[in-house]
Amino acid sequence: METKIIDGKEISLMVKNEVRDKTAAFKEKTGKEVCLAVILVGEDPASQVYVRNKKKACDYVGFKSLSYELPESTTQEELLELIEKLNNDDSVHGILVQMPLPKQIDEKTVIDTISPLKDVDGFHPMNVGALCIGEKGFVSCTPAGVIQLLKRSGVEIAGKECVIIGRSNIVGKPMALLMLRENATVTVAHSKTKDLAEVVRRADIVIAAIGKAKAITADYIKEGAVVIDVGINRNAETGKLCGDVDYENVAPKCSAITPVPGGVGPMTIAMLMNNCLESALRFSGENI
Ligand code: NAP
């Protein structure tokens, strides 16, 4: 069986190009800019890379990006004050606070303070609730990106057995709700699941979001399954990035699979751009 390699770089570029075209049309029609505010607290090197990549993506699609780089010693009060200021600024459409935050700041309070109308990460309880009951809201970017990868690769979702491994608030749970919305039959597995391999072998579509290098081996996979690997891990021996799936041995059994890097990863920022544009369109009442 030929295995299709789902190319996240190519599909994310498609999404970003669509956002870029619509952003240009929005500017032309309204005279306004789409604006994303990104807040980074402290000097975590991985977070600095993520923030830099988000700024680059804003430049690519033609957004204005506001960047706040605050010291590690920033108090919760100071951060909340900045968020409130951005909540009340009509020219700002999306607010993103890069996680993790220093320990003196409570992440949940920060998420709850961002206006749900500008919560382009889709983490606010109002947006999570909206997803749960099928109302409009912002969807967490990584799971939203997985849906785009599947749809744009021609993978049929409706009626399929989907097993999601992982139940975090930012990946596993919203992923399950999105697959349900697409009419898959959804199972969510986690660290307490008994006989994980047997559960995963039922799946037509496997979505791994565990955070453990190469945890999903070929014996977990049904012949012909579609495998989406959300994991981003460092291989202890080679130091290279790798997913949660043992790619070399799993790929020959699959009908389609995402590589790491170059699969789900690039989709997250593309969907962030998409969410921010959607926010600007909603605020202005435009339909482009
Ligand atoms: P997380 O919050 O640590 O959640 C991991 C989940 O995996 C938990 O639900 C945990 O179960 C489950 N799990 C852990 N070990 C397991 C095992 N041996 N068998 C079955 N389930 C197990 O992680 P996350 O934030 O969801 O991220 C998951 C992975 O995706 C990480 O590698 C992360 O770097 C990556 N990620 C990638 C992107 C991207 O843009 N591509 C975005 C976000 C995250 P319990 O609930 O029972 O503990």
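In listed order, ligands and their atoms are each counted from 1.
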Participant: Give me the residue, atom name and distance of the protein heavy atom closest to atom 8 (C) of ligand 1.
Facilitator: Arg167 N, 4.0 Å
Participant: Report yes or no: does Lys118 contribute a side-chain atom to a donor-acceptor pair with the main-chain N or O of Ala37 at less than 3.5 Å?
Facilitator: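 Answer holds: no.
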Participant: Please state which protein non-hydrogen atom is closest to atom 44 (C) of ligand 1 and give its distance, to 0.1 Å?
Facilitator: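 For this ligand atom, the closest protein heavy atom is Val171 CG2, 3.8 Å.
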Participant: Would you indicate whether Asp90, at its atom CG, is surrounded by more than 12 heavy atoms from other residues, nucleotides or ligands within a distance under 6.0 Å?
Facilitator: no
Participant: Going by the atom numbers of ligand 1, which of them fall below 4.0 Å from some non-hydrogen atom of Gly211?
Facilitator: 28 (C), 29 (C), 31 (C), 32 (O)
Participant: Does ligand 1 come near enough to Lys192 that some N or O of the ligand is less than 3.5 Å from an N or O of the residue?
Facilitator: no
Participant: Is Ala209 in contact with ligand 1, taking contact as a heavy-atom separation below 4.0 Å?
Facilitator: yes
Participant: Crowded around Gln48 CD? As in, over 12 foreign heavy atoms under 6.0 Å?
Facilitator: yes
Participant: Hey, can you tell me if His93 and Phe283 have their rings parallel, tilted or perpendicular (30° and 60° cut-offs)?
Facilitator: tilted
Participant: How does Lys212 reach ligand 1, if at all, at less than 4.0 Å between non-hydrogen atoms: by side chain, backbone, both, or neither?
Facilitator: side chain
Participant: Starting from atom 39 (C) of ligand 1, which protein heavy atom do you reach first, and at what distance in Å?
Facilitator: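 For atom 39 (C) of ligand 1, the nearest protein heavy atom comes out as Thr268 OG1, 3.6 Å.
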Participant: What protein heavy atom sits nearest atom 2 (O) of ligand 1, and how far away is it?
Facilitator: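 For atom 2 (O) of ligand 1, the nearest protein heavy atom comes out as Ser168 CB, 3.3 Å.
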Participant: How does Asn233 reach ligand 1, if at all, at less than 4.0 Å between non-hydrogen atoms: by side chain, backbone, both, or neither?
Facilitator: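 Side chain only.
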Participant: I want to check a possible cation-pi pair here: Lys54 against Phe63, using under 6.0 Å from ring centre and within 45° of the ring axis as the test.
Facilitator: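 No, Lys54 does not sit over the ring of Phe63.
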Participant: At a 4.0 Å cut-off, with the gap strictly under it, does some heavy atom of Thr193 reach an atom of ligand 1?
Facilitator: no
Participant: Specify the protein heavy atom at minimum distance from atom 37 (C) of ligand 1: its residue, its atom name, and the distance to 0.1 Å.
Facilitator: Val230 O, 3.1 Å
Participant: Provide the number and element of each atom of ligand 1 under 4.0 Å from a heavy atom of Gly265.
Facilitator: 41 (N)
Participant: Please state which protein non-hydrogen atom is closest to atom 34 (O) of ligand 1 and give its distance, to 0.1 Å?
Facilitator: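 Here the nearest protein heavy atom works out to Ile232 O, 3.5 Å.
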Participant: Which option out of Ile216, Asp244, Val264, Ile170 puts a heavy atom nearest to atom 25 (O) of ligand 1?
Facilitator: Ile170
Participant: Contact between Met273 and Leu36 at the side-chain level, heavy atoms closer than 4.5 Å - yes or no?
Facilitator: yes
Participant: Taking only Lys NZ, Arg NE, NH1 and NH2, and the carboxylate oxygens of Asp or Glu, determine whether Lys108 and Asp112 approach each other closer than 4.0 Å.
Facilitator: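 A salt bridge is present here (some side-chain N lies under 4.0 Å from a carboxylate O).
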Participant: Which residue in the set Thr268, Ile205, Leu178, Val230 passes side chain to side chain contact (heavy atoms under 4.5 Å, CB included) when paired with Val146?
Facilitator: Val230
Participant: Could you tell me whether the side chain of Asp119 and the main chain of His124 form a donor-acceptor pair under 3.5 Å?
Facilitator: yes
Participant: Any ion pair linking Lys222 and Glu161 (charged N to carboxylate O, less than 4.0 Å)?
Facilitator: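 Looking at Glu161 and Lys222, the cut-off is not met.
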Participant: Has the side chain of Asn87 got a donor or acceptor atom that lies under 3.5 Å from a matching backbone atom of Thr113?
Facilitator: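 Side chain of Asn87 to backbone of Thr113: a pair is present.
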Participant: Please list, in number order, the atoms of ligand 1 under 4.0 Å from a heavy atom of Leu196.
Facilitator: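 What qualifies from ligand 1 is 19 (N), 20 (C).
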Participant: Return the closest protein heavy atom for atom 22 (C) of ligand 1 as residue, atom name and distance.
Facilitator: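 Among all protein heavy atoms, the one nearest atom 22 (C) of ligand 1 is Ile210 CG2, 3.5 Å.
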Participant: How far is atom 10 (C) of ligand 1 from its nearest protein heavy atom, and which residue and atom name does that atom have?
Facilitator: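 It is Ser191 N, 4.3 Å.
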Participant: Could you tell me whether Thr142 approaches ligand 1 through its side chain, its backbone, both or neither, with non-hydrogen atoms closer than 4.0 Å?
Facilitator: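 Answer for Thr142: side chain.
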Participant: Purely on distance, is any nitrogen or oxygen of Ile165 under 3.5 Å from one on ligand 1?
Facilitator: no
Participant: Do NZ/NE/NH1/NH2 and the carboxylate oxygens of Arg152 and Glu18 come within less than 4.0 Å?
Facilitator: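 Looking at Arg152 and Glu18, the cut-off is met.
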